[in-house]
Amino acid sequence: MALLHTADMHPSKIELLRAWVPTQPWFEGDDQLEPVGAYRFDDPDGEVGIETLLVRSGDGPVLQIPLTYRAEPLAGAEEFLVGTTEHTVLGTRWVYDGCGDPVYAAAIVRTIVTGGTQADLERRLPDGTMEPVEPNMRVVGGGSSTEHEPVGLVDVRDADGSTVVVTSGAEVELLRVLGGAWAMGGETLTGTWAGQDEPVLLAVAR
């Protein structure tokens, strides 16, 4: 279960992405990005927020950006820092490209190889009560393993329109630019969202 708060962020997520995404080698379009959809994974320890955003610019391709939200800087991950933001409930949050965060790496491997899905969502209201939130995007892993060993992040490298996340348990190719023709073996992560009823390939684990 992913916990959401009724709060503001300054700068907002999309403002952070409009500054950071155009600096990346896989970027296509311009900096006037608009949100398309989002999905979350759970951190079993409940410490790190894990959210993947889909954005696009005009008629350009849909881009996929996984983010992690942390209460403190992640040691050794300066090159993956997207920026910092002030959350009106949680305070200062360090926002990272998830591909360089070991918590995200473990979450996407676990979801793919076990046939998992996006996290269920709940929002904490100002009076402290909780309400369920309907996700605006659904994802599903293609694997069927019933057991999953913990994995650690080993390496990250950009490819043509994707980022390869190497872990101690699997190598994940995360598509940054969605909708192209990809011929890759392995277990997949696919997703659907409003206006996109046919599953779209998001990532592959080998």
Exercise for review: Would you give the length of the straight line joining atom CD of E122 to atom CE of M130, rounded to the nearest 0.5 angstrom?
Suggested key: 4.5 Å
Practice item. Check the pair V166, V156 against side chain to side chain contact (heavy atoms under 4.5 Å, CB included), reporting the backbone distance first and the verdict last. Key: CA-CA 6 Å; V166 182; V156 181; over 6 Å; no
Review point. F27 and V95: same hydrophobic cluster, using ILVMFWY side-chain contacts below 4.5 Å?
Key: yes
**Study point:** Taking every non-hydrogen atom, the tightest pair across A105 and L153
**Key:** CB-CD1, 4.0 Å
Practice item. Would you check if the side chain of E171 reaches a backbone N or O of R206 as a donor-acceptor pair within less than 3.5 Å? Key: no
Review point. Can you find a pair of side-chain heavy atoms, one from W26 and one from V21, that are under 4.5 Å apart?
Key: yes
Practice item. Would you confirm whether S12, through its side chain, and M9, through its main-chain N or O, come within 3.5 Å as a donor-acceptor pair? Key: no
Practice item. Check whether any side-chain heavy atom of W94 lies under 4.5 Å from a side-chain heavy atom of Y69, and answer yes or no. Key: no
**Study point:** Residues which pass side chain to side chain contact (heavy atoms under 4.5 Å, CB included) with A159, listed by chain and number, not counting sequence neighbours
**Key:** S162, V164, E173
Exercise for review: State, yes or no, whether a side-chain contact exists between T111 and T117 at a heavy-atom distance under 4.5 Å.
Suggested key: no
Point to revise | Expected output: side-chain Y96 to main-chain L74 donor-acceptor under 3.5 Å | key: yes
Review point. Could you give the distance from CD1 (I65) to SG (C99), rounded to the nearest 0.5 Å?
Key: 10.0 Å
Point to revise | Straight-line distance of T68 OG1 to D43 CG, nearest 0.5 Å | key: 10.0 Å
Exercise for review: Using modelled atom types only, decide if a donor and an acceptor are shared between the side chain of Q196 and the backbone of W193 within a distance under 3.5 Å.
Suggested key: no
Check your understanding: Can you find a pair of side-chain heavy atoms, one from I50 and one from D42, that are under 4.5 Å apart?
Key -> no
**Study point:** T188 side chain to T190 backbone, donor-acceptor under 3.5 Å
**Key:** no
Point to revise | T52 side chain reached by Q64 side chain, heavy atoms, under 4.5 Å | key: yes
Review point. Is there a donor-acceptor pair under 3.5 Å between the side chain of S57 and the backbone N or O of G60?
Key: no
Practice item. Identify the two heavy atoms, one from G141 and one from L189, that lie closest to each other, and give their separation to 0.1 Å. Key: N-CD1, 3.9 Å
Review point. Can Y39 and E51 be said to form a side-chain hydrogen bond (donor to acceptor under 3.5 Å, both in side chains), step by step?
Key: CA-CA 6 Å; Y39 61 96; E51 182 179 30; over 6 Å; no
Practice item. Sequence neighbours left out, what pairs pass salt bridge (Lys or Arg N to Asp or Glu O under 4.0 Å) with at least one residue falling in residues 77-86? Key: none
Point to revise | Heavy-atom closest contact (T114 atom, R110 atom, distance) | key: OG1-O, 2.5 Å
**Study point:** Heavy-atom side-chain contact between I108 and P66 under 4.5 Å
**Key:** no
Exercise for review: Work out which heavy atom in V55 is nearest to a heavy atom in P35; give both atom names and the distance.
Suggested key: CG1-CA, 4.2 Å
Review point. Under the side chain to side chain contact (heavy atoms under 4.5 Å, CB included) criterion, do Y104 and V48 qualify, and how do the steps go?
Key: CA-CA 9 Å; Y104 170 79; V48 179; over 6 Å; no
Point to revise | Polar side-chain atom of S168 near backbone of G152 as donor-acceptor pair, under 3.5 Å | key: yes
Practice item. Would you check if there is a donor-acceptor pair between the side chains of T192 and D197 at a distance under 3.5 Å? Key: no
Revision key, fill the gap. Paired with E34, the salt bridge (charged side-chain N to carboxylate O under 4.0 Å, His left out) test is passed by just one of R18, R56, K13, namely R18
Check your understanding: With side chains defined as the heavy atoms from C-beta onward, is the minimum distance between L201 and V204 less than 4.5 Å?
Key -> yes
Check your understanding: Does I14 belong to the same Ile/Leu/Val/Met/Phe/Trp/Tyr cluster as L16, with side-chain heavy atoms less than 4.5 Å apart forming each link?
Key -> yes
Check your understanding: Hey, any chance L54 and V200 share a hydrophobic cluster, counting ILVMFWY side chains that come within less than 4.5 Å of each other, even indirectly?
Key -> yes
Check your understanding: Should R70 and V103 count as side-chain neighbours, where that means a heavy-atom distance under 4.5 Å?
Key -> yes
Review point. If only atom types and distance count, is the side chain of Q118 paired as donor or acceptor with the main-chain N or O of R138 below 3.5 Å?
Key: no
Check your understanding: With the 4.5 Å side-chain cut-off for hydrophobic clustering, are V140 and L175 part of the same group?
Key -> no
Practice item. Begin from the C-alpha positions of R40 and D120 and carry the test salt bridge (charged side-chain N to carboxylate O under 4.0 Å, His left out) through to its verdict. Key: CA-CA 8 Å; R40 287 182 177 257; D120 293 330; over 6 Å; no
Review point. Are the side chain of N136 and the backbone N or O of A38 linked by a donor-acceptor pair below 3.5 Å?
Key: yes
Practice item. Go through the steps to decide whether D97 and R176 satisfy the test salt bridge (charged side-chain N to carboxylate O under 4.0 Å, His left out), and finish with yes or no. Key: CA-CA 12 Å; D97 174 10; R176 296 289 199 167; 2.9 Å; yes
Check your understanding: When you measure from the side chain of T85 to the backbone N and O of P11, does any donor-acceptor pair fall under 3.5 Å?
Key -> yes
